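A short write-up of the structure that comes next.
A quick note: this is a predicted structure, and the numbers were derived from the prediction, not measured.
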Amino acid sequence: MMMYSDTLDAVLIFLQALLWGGAIYIIWAKNRLFGLFCMVLYLYLLPTEITYRFFHHFADDYWGRDVWYDFYGFVSLSLLSLFLFFSFSKSKNRVYNVVYKKKSSNKWIGYGIVILFSIISSYYLFTNINLITYHSLVENGSEGYELNSITITDTLVKSLPAFVILPLLTLEKKSILIKLFAIYNIMLFFSYAFITGNRSDMLGFFMILALLWLYGRELKLKQILIVGVSALLFIYIATQMSSLRGIEDGGSLAETLLKQDYMAPAYNIIGVQAKNIVAPYAVVSSQILKMFPSMGGEWLYITISPKIFGVEFTASQSAGFHPFTEGYLFAGFFGFLYNGIIIGALLKLWNRFMQTNNKLFNRFMFALMGCLFFALIRAQSINFIRFIFFEFLPVSFIYAQLNNVSIHYLGFFQTRKK
């Protein structure tokens, strides 16, 4: 009877993966940004479903099999809700005429910003190199409760791909010096990533390279094979990086593959379901107060982690917070509707920034957004808005100066059909 139940549950997971894979294919054909997000979203759900149901001894907390069925149903309906939102929302082909070539050149401003950013990042990294480890970041919180040298270093070096490397890689003309400078910053970023055992940021950087290469290409078998082999290679590297965090190898192949960063965020969904935590006021207040750093308030994962696990976690401890958790906190099981509508609407807002009249700028934004997806899937949905202010606007300003264009940001609210 037990074996029959295990087989049935394995079939349920397989059917969900098969159906969502088909949904991703449909969404990708309609909009690559949406399709990419749906792939990353599911990457942080499927391992958790498998782990909790069949390998729950890998995790510290287990609340019984019945909770798994609730989790499976909630995730399935949330995915369906998101798919239906993308399928039935209006999808007119629009272009935002906001990018214009400038007569006068201000490239020196763009170069000045990236050089200064790189110098400051290098200074903090080299002066704090002996203090920085995975555990020191956990103790200080990489999200930064205190403005100290470790958190400043972490913030600066993690921002190199967006604020320095990506703008340099997307320059129309690159001299030897620019190429060497880009390589230096790539080496700086990866040195830090290896020191801290930070796999998610490394994956985000590889996503930048992949999307710059894939943009505008017809997805054929060759592209699929190259991306697939690269993904497998990265997964292998990621599984070997536990030693850099001072974590002993679990031994079994299943634990090595499943007990990674992508398992923990969705475990919060199971936790709030097991404890039946519904707190709509906490969701609304956190979303409003966390829109800007100076407004205070608490992140939802800090609010719920003591209730679920008996200890307060931070994002730097690989606990994370899957955005689907937010839906359950807001409306209980019916939060699957919240997940489809809120996440779908925010992603459509993002999509505007890569539908301009300038294809090179669109390619640049596509790569930037893909890089940020891995941060989004580990945090609550207000980060869609925060990233517009703290990533899109400043990074696109750097791009504009380096490429001698101007961007009329208010124009994103004025549309014109192609």
Under 3.5 Å donor-acceptor, [X] side chain and [Y] backbone:
X    : Y    : value
K174 : L169 : yes
T325 : F321 : no
N383 : Q380 : yes

Original post:
Sequence neighbours excluded, which residues qualify as side-chain hydrogen bond (donor to acceptor under 3.5 Å, both in side chains) partners of S396?
Top reply: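 For S396 the side-chain hydrogen bond (donor to acceptor under 3.5 Å, both in side chains) partners, ignoring immediate neighbours, are Y409.
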
**OP:** Could you please spell out the steps behind the side chain to side chain contact (heavy atoms under 4.5 Å, CB included) verdict for Y123 and T127?
**Re:** CA-CA 6 Å; Y123 169 78; T127 54; 3.6 Å; yes

Can you measure from [atom1] ([X]) to [atom2] ([Y]) and round to the nearest 0.5 angstrom?
X    : Y    : atom1 : atom2 : answer
Y44  : H322 : OH    : NE2   : 9.5 Å
I269 : Y72  : CD1   : OH    : 14.5 Å
L346 : I382 : CG    : CD1   : 7.5 Å
R53  : T48  : CZ    : OG1   : 15.0 Å
I343 : F34  : CD1   : CZ    : 13.0 Å
S81  : F324 : OG    : CZ    : 8.0 Å

Original post:
Just wondering, are more than 12 heavy atoms of other shown residues or ligands nearer than 6.0 Å to OH in Y184?
Top reply: yes

Original post:
Crowded around Y25 OH? As in, over 12 foreign heavy atoms under 6.0 Å?
Top reply: no

Original post:
Do S381 and E326 meet the criterion of a side-chain donor-acceptor pair at a distance under 3.5 Å?
Top reply: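 Short answer, yes.
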
Original post:
Do S286 and E298 meet the criterion of a side-chain donor-acceptor pair at a distance under 3.5 Å?
Top reply: no

Heavy atoms only: give me the nearest [X]-[Y] pair and the separation to one decimal.
X    : Y    : result
W68  : E49  : NE1-O, 3.0 Å
L188 : V157 : O-CG1, 4.3 Å
I27  : C38  : CD1-SG, 3.8 Å
G35  : I24  : O-CG2, 3.9 Å
A367 : L212 : CB-CD2, 3.7 Å

Is the closest side-chain heavy-atom distance between [X] and [Y] below 4.5 Å?
X    : Y    : answer
V278 : F330 : no
L211 : M207 : yes
F83  : I26  : yes
N358 : Y100 : no
M39  : W28  : yes
L45  : L79  : yes
N362 : M365 : no
S175 : I178 : yes

Subject >> Derivation and outcome, ring-ring contact (aromatic ring centres under 6.0 Å, His included), residues F392 and F387 >> reply: CA-CA 6 Å; F392 288 9; F387 284 156; 7.7 Å; no

**OP:** Give the intermediate values and the outcome of side-chain hydrogen bond (donor to acceptor under 3.5 Å, both in side chains) for residues Y192 and D154.
**Re:** CA-CA 9 Å; Y192 181 79; D154 185 70; 2.5 Å; yes

**OP:** State which residue, out of Y328, F336, Y338, fulfils the ring-ring contact (aromatic ring centres under 6.0 Å, His included) condition with F74.
**Re:** Y328

Subject >> Candidate pair N339 and S78, rule side-chain hydrogen bond (donor to acceptor under 3.5 Å, both in side chains), full reasoning >> reply: CA-CA 6 Å; N339 289 335; S78 295; 3.0 Å; yes

Original post:
Between N404 and N106, is a side-chain hydrogen bond (donor to acceptor under 3.5 Å, both in side chains) present by the stated rule, with each step listed?
Top reply: CA-CA 7 Å; N404 199 32; N106 290 323; over 6 Å; no

Subject >> Listed partners of F190 passing ring pair (Phe, Tyr, Trp, His ring centres under 6.0 Å), at least two apart >> reply: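 If we apply the ring pair (Phe, Tyr, Trp, His ring centres under 6.0 Å) test to F190, skipping adjacent residues, the hits are F205, F206.
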
